[in-house]
Amino acid sequence: MRKKIVAANWKMNKTLQEAQALVKTILSGSGSNNEVTKIIIPPALFITELARLTKENPSFSIGAQNCYYAESGAFTGELSASAIASCGAKYLIIGHSERRQYFNETADQLKLKINLALKHKLIPIYCVGEKLNERQTNHYFTAVKNQIQEVLFHLPATDIEKIIIAYEPIWAIGTSLTATPEQAQEMHSFIRFAIMENYGADVSKKINILYGGSCNAKNAKELFACADVDGGLIGGASLVADEFLQIINSF
Ligand code: PEP
């Protein structure tokens, strides 16, 4: 049985006070639902405080949205994987499409970030997903396979098992256009098959694959019901406590 996971990517939203209030509401609202792993991924400044607030509840963890691809050094303004881990984060988003698009992150850089995350015992949430034109021209399988191959397939099986893959079609992120359950399932099973081809059936059955892209309280249930969808990476809808709590309860 794979874990059920709901991860909240807050992006560049919330002040410290708003972040504290939102996490407190989510903590009290989620009651005894310990079956679902909840990962809150705030702006990195708030990691220490949110790790403190959630430490009594083992079904909650904190993550970071990005790290730099070098271990440490003269890179003003950047954050290292080791610094992120030392503040209490357990997860790290790598390769979000907004970072690939606005910050020109390359596959080589992402590969280094994956290695650093694993070195510092952070679980990578590696984001993949096709652009609208790749979907429309039927190149979406190739696009996603390349993203996985280039950044993950150097890893040994013992490491690939730890990775969470988030399938986030770019045309669905922040657009209110959600992939249908059929589209999500088709891609998730394709990703699992690609892992199987390289690492075998046992590994492919273990790996968690999340769906992201305008997932909300209305559509989460049918997406999470798909055989190869193990939960969601949630952007906009994770900023509102009620909406996020409904998503948590959608399995
Ligand atoms: C995301 O950015 O990871 C995301 C899924 O955003 P949204 O839910 O807002 O589409």
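Order of appearance sets the numbers: ligands from 1, and atoms from 1 within every ligand.
- Sorted by first and then second residue, the salt bridge (charged side-chain N to carboxylate O under 4.0 Å, His left out) pairs involving residues 168-182 (not counting sequence neighbours) form an empty list.
- Atom 2 (O) of ligand 1 has Lys11 NZ, 2.6 Å as its closest protein atom, hydrogens excluded (heavy atom only).
- The main-chain N or O of Leu116 is never found under 3.5 Å from a side-chain atom of Glu71 such that the two would form a donor-acceptor pair.
- Each of the atoms 5 (C), 10 (O) of ligand 1 lies under 4.0 Å from some heavy atom of Gly213.
- Protein heavy atom in closest approach to atom 3 (O) of ligand 1: Glu168 OE2, 2.7 Å.
- Close contacts between ligand 1 and Gly174 involve ligand atoms 7 (P), 9 (O), 10 (O) [criterion: under 4.0 Å to a heavy atom].
- Classified by interplanar angle (parallel below 30°, tilted 30° to 60°, perpendicular above 60°), the ring pair Phe190/Phe141 is tilted.
- Side-chain rings of Phe153 and Tyr199 approach one another, their centers coming within less than 6.0 Å.
- At a heavy-atom cutoff of 4.0 Å, ligand 1 is contacted by both the backbone and the side chain of Ile173.
- Residue contact annotation: Ala237 has no non-hydrogen atom under 4.0 Å from ligand 1.
- The only option from Arg100, Lys111, Lys113 that meets the salt bridge (Lys or Arg N to Asp or Glu O under 4.0 Å) definition with Glu105 turns out to be Lys113.
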- Task: Begin from the C-alpha positions of Asp159 and Lys162 and carry the test salt bridge (charged side-chain N to carboxylate O under 4.0 Å, His left out) through to its verdict.
- Result: CA-CA 5 Å; Asp159 279 339; Lys162 297 174 194 156; 3.0 Å; yes

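- Taking the six-membered ring where tryptophan is involved, the planes of Tyr167 and His188 are perpendicular, since the angle between them exceeds 60° and thus also 30°.
- Geometrically, ligand 1 and Thr175 share no nitrogen or oxygen pair separated by less than 3.5 Å.
- Near Ala172, the atoms of ligand 1 lying under 4.0 angstrom from a non-hydrogen atom of the residue are 10 (O).
- Of all atoms in ligand 1, listed by their number and element, those nearer than 4.0 Å to a heavy atom of Gly236 are 7 (P), 8 (O), 9 (O).
- Inclusion of Cys215 in the set of residues having an N or O under 3.5 Å from an N or O of ligand 1 is not warranted.
- Between Gly235 and ligand 1, at least one N/O pair is under 3.5 Å apart.
- Side-chain polar atoms of Trp171 and Glu130 form a donor-acceptor pair below 3.5 angstrom.
- Between the Asn216 side chain and the Thr178 main chain, no donor and acceptor come within less than 3.5 Å of each other.
- Those atoms of ligand 1 that come under 4.0 Å of a heavy atom in His96, given as number and element, are 1 (C), 2 (O), 3 (O).
- Atoms of ligand 1 found under 4.0 Å from any heavy atom of Leu233 (numbered from 1 in listed order, with element): 3 (O), 5 (C).
- Contact analysis leaves Ala166 out of contact with ligand 1, as no non-hydrogen atom separation drops below 4.0 angstrom.
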